[in-house]
Amino acid sequence: MSELWYVLLVASFGVYVLLDGFDLGAGALHLFVARDGAERHRVMRAVAPVWDGNEVWLIAGGGTLFAAFPRLFAAGFSSFYLPLMVALWLLVLRALAIELQHQSRDAMWLRFWDVVFAGSSALLALVFGVALANVVRGVPFDGGEVRFVPLWTDFRLRGEVGLFDAYTLLVGLTALLVLAQHGAAWLALRLARAPLPRLAAASRRLWPAASLAALFSTAATFAVRPGVLDNLRAAPVLFAFPLLSLAGVAGTFPAARTRPRTRFLASAALLLGLLGSAAASLWPQALPSSFGSGGLSLHDAAAGPAALRTMLWWWLPGMALAAGYSAWVYRNLPAVED
Amino acid sequence: MEALDLHRLQFAFTVTYHYLFPQLTMGLAFVILALKTLGLRRRDEAALAAARFWTRIFGIAFIFGVVTGIPMEFQFGTNWARFSAQAGESFAQLLAMEGVFAFFLESSFLYALLYRERDLGPRVHWIAALLLWLGTWASGFFIVAVNAWMQHPVGTRVGPDGGFELVSLSALFTNPWLWPQYAHTMLGSLVTASFVVAGTGAFYLLRGEHVAAARRCVQVALPTGLAAAVLAAFPTGDLQAKAVLEHQPVTFAAMEGLFHSEEGAALTLIGQPDMEALDLDNPLEIPKLLSFITYRRWDAEVHGLTEFPREDWPDHVPLLYYAYHIMVGLGTMFIAVLGLATLALVRGTLERRPALLWSLVLFLPLPFVANTAGWMTAELGRQPWVVHGLLRTADASSANVSGGNVLMTLLGYAGLYTLLSVLVVLLVARVVARGPAAVGASDGHAAGGAA
């Protein structure tokens, strides 16, 4: 039962990354691809109807994590106390930027929220990458309890590491770049009738940077977690995830004839491939120990089988309902024109 | 201060601040739906204008509720890791349900309600208002269900490793603590929204501005508020007090400020608990009334605090006592003010009675105080337990997060929420200053910033 819930949890975080990923990415690019007030207003209108629904996948995913794996929720969130709090503040500021900016037309007010939206989006993308890297690498377990983890030490790969160091920042940078690329793909799709002149150039520059960063991050992961391929070797079907991300890299290649929808789907494949690979290699650990052994296993982190079975009864229909609302929203998006 | 106190202070501060917004939006969603229904059925433009005006304010309050709500769920893990690890199996499904059944609903239809009246048409827009109302009330339901479980943990068994195993999820929904508490909380929210709507309406009537829409505001809000205020006292408040008496007798004694057991106990109206002398200073009381309202017998014995071991007393008896008395005192005044104003409304004399209009304006902030005091009563009253009878608060905080780290984030929240306070006052004041006439049915986002 805990295996099934691991898959459902990873799937719902996957949907979160695909959906909120594009509005975070659009935010990170906001100041670069949209230069004047009218263009920035278009970016805001592209994300305004959907960002909140997208972010609920994070909140609902957090609740699902808490209910299905209470000990992972507790150990993970308390270990990452300070960066998580900062991420929460960034989420607060970002939501205010999107929802409050249009309350006034004053030039300084608009400008202020443009910068808050862009800065918080970029930093959140980075922090999410750093968080994922820390989960993949593990935290210091000491006799079943998680020790305090410093924010940073000397930024080297080995020895006493901090939450922010060379490895986790590299993954954070990768997250920023692949999400920015995803945001560019969404803006191209959503603003087809009112395109941003600078978007194509940004996509061209992002592709090599994002692809190289993903490659380096993968290589660095082999260095910090030598056993990362064990699961994939044991069950070769899991190689589908790295292959999916390779297909995504190929599909996001900025060829002029690629249709916006294709590029968006390719970017989604890249994100899902990366996340799926990380999730597949973690198994059966929920939060590995950075000492190599003594981490928190999924089985130990999970609620009891009876509770997990009960949860299935309402979770699956509830998520189907939620998908129905989302379908209504995305089918009835208001047009964004000049 | 110790780490535990800082963990508690941070949760208390963030949740108290957060609840200023949902208590308004849950009630306001109902008032907006009522105004829209009235407007559409009677083709009443003034009611529709009032609905648009309140939707505008709802949008602002709702986003502040969303942003201050995000940290709440995550603080269970960051600050209360031992509680989450040990007890999560038994109640966290309720938090997950809030996300799945309430937040998806609200987030999907909020934009439609706020910005798309014109292009979606009146019928779809009315449905969006209905779904938002359902979403906000569902959200409140799951949160109160979590709290009811913490007050009175049902459907749970302590397993061999000390973890709280979930025995029955449905027991959490039939928890005898839940339904009176939920009804009481929603009624409290309706009282807040009613005073905000009626107080603003009275403000416009006193100034002779936006009179048509202001009339609709008081016409809808006053009867709603009166009904809610009465039902909040009886039966829901009464039922809750009975539940506290039955399951948390020491809390009941602390709330009433009763230190020593008495036959024919008096009801205290005012008085200051003295924790050294274990008595009330300067009490103003009504003889025998506490015995009567508790047991329906004038000379029944009511148990005082000193009958219980000191380590089971709530750890802030005076604050608990004040919170409870403020809630009850304000609630009684609400019934009086709303009753008089509704009477005048029915007789058609309200607009000629400036004293009544003024009191509606001046009472506007007080239901926020009463609702806050009510939650403080529930939360301080549950102490020293986080899960009543099963897990003490002292054993619930994160062991690997030091007091210094919590103080830093507490200061961070204080700074961030100061900014939020400035913004919300600024934005709401702007909308109120411009009045209902200035709010059209247009798409605020598409118009390039609302007028």
Side-chain angles (χ1 to χ4, degrees), chain A residues 41 44-45 48-50 52-53 55-56 59-64 66-68 70-71 73-82 84-85 88-89 91-93 95-96 99-105 110 145-148 303-304 306-307 310-311 314-315 318-319 321-322 325-326 328-329 332 334, chain B residues 59-60 63 66-68 70-71 73-74 76-79 81-82 84-85 87-90 92-93 95-101 103-105 107-112 115-116 119-120 159 165-167 169 398-402 405 408-409 412 416 420 423 427 430 443-446 448-450:
Chain A
H41 184 53
M44 280 291 193
R45 278 164 65 203
V50 292
D52 190 11
E55 201 172 288
V56 168
I59 311 295
T64 305
F66 189 6
R71 277 167 288 268
F73 178 80
F77 283 22
S78 58
S79 313
F80 302 151
Y81 183 81
L82 285 179
L84 210 98
M85 286 292 169
L88 293 175
W89 298 342
L91 285 171
V92 170
L93 289 172
L96 292 179
E99 291 294 320
L100 298 189
Q101 188 186 44
H102 65 87
Q103 297 274 344
S104 163
R105 279 186 204 153
L110 294 174
E145 296 289 313
V146 186
R147 276 201 322 213
F148 169 74
T310 309
M311 192 169 162
W314 61 262
W315 196 87
M319 288 310 244
L321 209 58
Y325 310 144
S326 291
W328 183 85
V329 170
N332 288 288
Chain B
I60 297 170
I63 192 63
V66 167
V67 301
T68 54
I70 295 168
E73 176 182 284
F74 292 97
F76 280 90
T78 51
N79 296 77
R82 284 184 292 170
S84 299
E89 173 177 331
S90 281
Q93 288 197 32
L95 287 178
M97 283 180 185
E98 188 195 19
V100 171
F101 292 108
F103 292 160
F104 276 118
L105 189 64
S107 63
S108 299
F109 298 101
L110 178 68
Y111 190 88
Y115 307 116
R116 302 190 66 187
D119 72 313
L120 291 174
E165 294 170 0
L166 179 67
V167 180
L169 184 67
S398 302
N400 55 342
V401 179
S402 73
N405 280 280
M408 186 181 128
T409 55
L416 185 64
L420 262 58
L423 286 170
L427 291 169
R430 244 171 67 104
D443 173 342
H445 273 281

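Quick note on labels: first sequence line is chain A, next is B, and so on, each numbered from 1.
Scanning both residues, B:I63 and A:L100, for their nearest heavy atoms gives CG2-CD2, 4.1 Å. Contact record, B:S84 with A:P70: O-CB, 3.5 Å, taken as the closest heavy-atom pair. Here the shortest heavy-atom pairing between B:E73 and A:F73 reads O-CZ, 3.6 Å. Of all heavy-atom pairs between B:R430 and A:Q103, the closest is NH2-O, 2.6 Å.
Note: B:L423 leads B:V167, B:L95, B:L423 in heavy-atom pairs under 4.5 Å with chain A. The candidate with the highest count of non-hydrogen atom pairs below 4.5 Å against chain A, out of B:L110, B:V67, B:L169, B:I70, is B:V67. For chain B, the option among A:V56, A:V50, A:D52 with the highest count of heavy-atom pairs below 4.5 Å is A:V56. Listed options B:L166, B:L120, B:T409, B:V100 were ranked by heavy-atom pairs under 4.5 angstrom with chain A; first place goes to B:T409. Ranking B:G99, B:S90, B:S402, B:G77 against chain A, the residue ahead of the rest is B:G77, based on heavy-atom pairs under 4.5 Å. No other option in B:N400, B:L416, B:I60 has as many heavy-atom pairs under 4.5 Å with chain A as B:N400. Ranked by heavy-atom pairs under 4.5 Å with chain A, the first of B:P71, B:G59, B:A96, B:G88 is B:A96.
Considering A:F77, A:W89, A:F66, A:F80 in turn, A:F77 is the only one that fulfils the ring pair (Phe, Tyr, Trp, His ring centres under 6.0 Å) rule with B:F74.
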Exercise for the section: Evaluate the side-chain contact (heavy atoms from CB on, under 4.5 Å) criterion for residues B:M408 and A:L82: first the C-alpha distance (whole Å), next the side-chain angles of each, then the deciding distance (0.1 Å), finally the verdict. Expected result: CA-CA 9 Å; B:M408 186 181 128; A:L82 285 179; 4.2 Å; yes

Exercise for the section: Under the side-chain contact (heavy atoms from CB on, under 4.5 Å) rule, what do B:N79 and A:Y81 come out as? Steps first, then yes or no, please. Expected result: CA-CA 8 Å; B:N79 296 77; A:Y81 183 81; 3.1 Å; yes

Practice task
With side-chain contact (heavy atoms from CB on, under 4.5 Å) as the test, would you mind laying out the steps for A:V329 and B:Y111 before giving the verdict?
Solution key: CA-CA 9 Å; A:V329 170; B:Y111 190 88; over 6 Å; no

Problem - Verdict with supporting geometry, B:V66 and A:E55, side-chain contact (heavy atoms from CB on, under 4.5 Å) - result: CA-CA 11 Å; B:V66 167; A:E55 201 172 288; 5.6 Å; no

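The CE atom of A:M85 sits 10.0 Å away from the CG atom of B:N405 when rounded to the nearest 0.5 Å. Between the CG atom in A:L321 and the CZ atom in B:F101 there is a gap of 7.0 Å [rounded to 0.5 Å]. Summarising the geometry, atom CG belonging to B:L427 is positioned 12.0 Å from atom CD belonging to A:E99; distances are rounded to the nearest 0.5 Å. Considering CG of A:L93 and CG of B:L420, their distance stands at 8.0 Å, rounded to 0.5 Å. Atom OG1 of residue B:T68 and atom CG of residue A:L88 lie 12.0 Å apart, to the nearest 0.5 angstrom. Atom CD of B:E89 and atom CZ of A:R71 lie 7.0 Å apart (nearest 0.5 Å).
Looking at B:E165, there are no atoms closer than 4.5 Å to chain A (heavy atoms on both sides), in backbone or side chain. Proximity to chain B (any heavy atom under 4.5 Å) is shown, for A:I59, by both the backbone and the side chain. For chain A, the nearby part of B:F109 is the side chain; its heavy atoms alone come within less than 4.5 Å. Residue A:L110 does not touch chain B at all, counting heavy-atom pairs closer than 4.5 Å. If you measure heavy-atom distances from B:S398 to chain A, the contacts under 4.5 Å come from the side chain alone. With a threshold of 4.5 angstrom between heavy atoms, B:L105 approaches chain A through its backbone and through its side chain.
Qualifying side chain to side chain contact (heavy atoms under 4.5 Å, CB included) partners for B:A87, counting only residues two or more places apart in sequence or in other chains: B:F83, B:F91, B:W149, B:F164.
Contact check for B:R116 versus A:P49: no side-chain heavy atoms found under the 4.5 Å cut-off. Counting heavy atoms from C-beta outward, A:M319 and B:F104 have side chains that approach closer than 4.5 Å.
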